[in-house]
Protein chains: 2
Amino acid sequence: MERCKSVSTIQRMIGGKWKIEILFYIALKDVRHFGQLRRCIGNISESTLSKQLRELVADGFLTRTDFGEVPPRVEYALTPQGESFVPILLALKQWGEKELGL
Amino acid sequence: MERCKSVSTIQRMIGGKWKIEILFYIALKDVRHFGQLRRCIGNISESTLSKQLRELVADGFLTRTDFGEVPPRVEYALTPQGESFVPILLALKQWGEKELGL
DNA sequence: CAGGATCCCGGTCGATACTG
DNA sequence: CAGTATCGACCGGGATCCTG
């Protein structure tokens, strides 16, 4: 039986409780800032958002640009790898709306 | 900001550590039996496999058919909802192979 | 063979407080 | 504003044993 390493790796990368939702807002809603994300996503804590963002950066989905200004300004954006994941995000969203009626 | 309920719901349904892999084997490799799945999937415990299968059944992805025979024979198969998810599984697999080189 | 029951551990996530 | 630090609760998942 052919094993499928890619599937389990993806599951690990996007399996976090909020990962898909974070990517969704950044990719499809043009949300770029920490505070925006926190307000968009229901009831995520700051520490959790921070950690999941760092993991998404580490896994190559996002870039993090710190402008070194006061007040602080940081922008998150998709990497090419992240961009290539957008069709799947759209498919998931549309699947949920159609199959689950959400 | 438009909230996106469908995304978080999907994350909850397929966020389990082995969910995507289980669906992958049933959908694309025609694996139907408990023991087969356990052997295909690396190092999943029986109790965990059992629980995740039950959740996939409860969430409408799978059907479970118990033939009531001795020795026991049970078959898992995709529901129509599960079938409709197959394109996303394929997309995930192909994305992983292409972007991650797996 | 297909799993249920039980126990337990580790990691994830959340709440709170604090910083540059 | 954009986080980090710390702590603790919770629960998903693993190990083991048992059953029809």
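So that the names make sense, note that chain A is the first sequence line, chain B the second, and so on, each numbered from 1.
- Contact annotation: the side chain of Leu92(B) never approaches that of Phe24(B) to less than 4.5 Å [non-hydrogen atoms, C-beta and beyond].
- Heavy atoms of other residues, nucleotides or ligands lying less than 6.0 angstrom from CG of Asn43(A) number 12 at most.
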Which donor-acceptor pairs under 3.5 Å do side chains of residues 49-56 of chain A form with protein atoms, sequence neighbours excluded?
unit_1: Ser50(A); atom_1: OG; unit_2: Arg54(A); atom_2: NH2; d: 3.3
unit_1: Gln52(A); atom_1: OE1; unit_2: Trp18(A); atom_2: N; d: 3.4
unit_1: Gln52(A); atom_1: OE1; unit_2: Lys19(A); atom_2: N; d: 3.4
unit_1: Glu55(A); atom_1: OE1; unit_2: Lys19(A); atom_2: NZ; d: 2.9

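- Residue Gln52(A) is in sugar-phosphate contact alone, with no base atom involved, counting any heavy-atom pair closer than 4.0 Å across all strands shown.
- Rounded to an integer number of Å, the gap from Leu53(A) CG to dC1(D) P is 16 Å.
- Here the nucleotide nearest the side chain of Ser47(A), chosen from dG3(D), dG14(D), dT6(D), is dT6(D).
- Contact of the Ile14(A) side chain with the Asp59(A) side chain is not registered, since no non-hydrogen atoms from C-beta on lie closer than 4.5 Å.
- The cationic atom of Arg32(B) (NZ for Lys, CZ for Arg) does not lie both less than 6.0 Å from the six-membered ring centre of Tyr76(B) and within 45° of the ring axis.
- The two residues Gln11(A) and Gly16(B) make their nearest non-hydrogen contact at NE2-O, 2.6 Å.
- We find that CZ of Arg12(A) is positioned 17 Å from C1' of dG13(D), with the value rounded to whole Å.
- Between Arg32(A) atom CZ and dC1(D) atom P there is a gap of 18 Å when expressed in whole angstrom units.
- Protein chain A contacts DNA chain C over a range whose 5' and 3' limits, counting nucleotides with an atom under 4.0 angstrom from a non-hydrogen atom, are dC13(C) to dG20(C).
- Taking the nucleotide of DNA chain D with the nearest heavy atom to each of Pro72(B) and Trp18(B), the more 5' of the two is matched to Trp18(B).
- Rounded to whole Å, the distance from CZ on Arg38(A) to P on dC1(D) is 8 Å.
- Rounded to whole Å, atom P of dT4(D) lies 12 Å from atom CD of Glu55(A).
- Separating the CG atom of Leu62(A) from the P atom of dA2(D) is a distance of 15 Å, rounded to the nearest angstrom.
- Of the listed nucleotides (dA2(D), dG14(D), dT6(D)), dA2(D) has the atom at the smallest distance from the side chain of Phe34(A).
- In this structure, Ile44(A) atom CD1 and dA2(D) atom P are separated by 15 Å, rounded to whole Å.
- At a cut-off of 3.5 angstrom, counting only N and O atoms as typed in the model, there is no donor on one side facing an acceptor on the other between the side-chain of Lys51(B) and the base of dG12(D).
- Using a 4.0 Å heavy-atom distance criterion, Ser50(B) is classed as a sugar-phosphate-only contact.
- Nearest nucleotide to the Pro71(A) side chain, out of dG13(D), dC1(D), dA2(D): dC1(D).
- Here Phe67(B) lies out of heavy-atom contact (under 4.0 Å) with every strand.
- Between Phe61(A) and Phe85(A), the angle of the ring planes goes over 60°, which puts this pair in the perpendicular group of the 30/60° scheme.
- Distance, Leu49(A) CG to dA2(D) P: 10 Å, rounded to whole Å.
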